[in-house]
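Comments concern the structure below.
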Amino acid sequence: STSRGLGDVYKRQTVRETAITVIHEATHAKINKPNTKSQELQCYVNEYRHQNIELTEKVLQDIINHINDKYPNLKWE
């Protein structure tokens with residue numbers, strides 16, 4: 001099942017990594033719409049804010065590049 005699979009993932013993560021994953025996935029749940037690259041950007045921005053990482057233009061561009069690489073089939077909306 002999916003929940004068992006996620007449990008296995010969480011067992012391999014540090015508490016910090018698990019918290020970041022929960023923030024990312026909770027952002028998806030709050031948006032509650034089909035996934036887009038724009039939604040992924042919101043999720044990553046929330047992750048970075050939680051870690052107190054300054055969202056400079058370079059950091060945002062790095063996130064956008066990562067999203068474009070990781071999710072080639074999603075659209076920007």
Side-chain angles (χ1 to χ4, degrees):
S1 80
T2 302
S3 60
R4 185 171 148 237
L6 286 176
D8 292 341
V9 168
Y10 292 145
K11 287 178 192 171
R12 294 189 302 270
Q13 290 184 331
T14 65
V15 170
R16 181 177 177 277
E17 290 168 336
T18 300
I20 292 165
T21 299
V22 169
I23 288 164
H24 185 105
E25 296 307 322
T27 304
H28 281 298
K30 183 178 179 183
I31 296 168
N32 195 26
K33 292 181 182 173
N35 202 13
T36 65
K37 289 182 180 181
S38 302
Q39 186 178 137
E40 286 298 331
L41 180 59
Q42 286 181 276
C43 294
Y44 282 106
V45 163
N46 282 347
E47 285 184 28
Y48 279 55
R49 284 184 178 143
H50 175 77
Q51 299 172 81
N52 294 317
I53 296 172
E54 185 179 356
L55 294 167
T56 63
E57 193 172 321
K58 180 181 182 334
V59 169
L60 289 170
Q61 190 58 59
D62 288 346
I63 295 170
I64 289 167
N65 291 342
H66 170 75
I67 291 168
N68 282 329
D69 290 343
K70 188 171 180 181
Y71 304 100
N73 296 326
L74 295 181
K75 295 186 182 337
W76 285 103
E77 292 182 6

For this session: Step by step, work out the side chain to side chain contact (heavy atoms under 4.5 Å, CB included) result for I20 and Q51.
Result: CA-CA 8 Å; I20 292 165; Q51 299 172 81; 3.4 Å; yes
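Under the rule for a salt bridge (Lys or Arg N to Asp or Glu O under 4.0 Å), K33 has no partner lying at least two apart in sequence or in another chain. The side chain to side chain donor-acceptor pair (under 3.5 Å) search around E40 returns H24, H28, N35, Y71, not counting sequence neighbours.
In this structure, SG in C43 is found 11.0 Å from CD1 in I63, a value given to the nearest 0.5 Å. Atoms OG1 and OH, from T56 and Y48 in turn, are 10.0 Å apart once rounded to the nearest 0.5 Å. Here the CH2-CG distance, from W76 to N68, works out to 5.5 Å after rounding to the nearest 0.5 Å. Rounding to the nearest 0.5 Å places CD of E17 at 11.0 Å from CD of E47.
For the 3.5 Å distance criterion, the side chains of Q61 and N65 qualify, holding a donor opposite an acceptor. Looking only at atom types and distance, the side chain of T18 has a donor-acceptor partner in the side chain of Q13 under 3.5 Å away.
Under the 4.5 Å side-chain criterion, counting only non-hydrogen atoms from C-beta, R49 is in contact with N46.
When all heavy atoms are compared, the tightest approach of H50 to A19 is NE2-CB, 4.4 Å. Across K75 and T36, no two heavy atoms sit closer than the pair O-CB, 3.4 Å.
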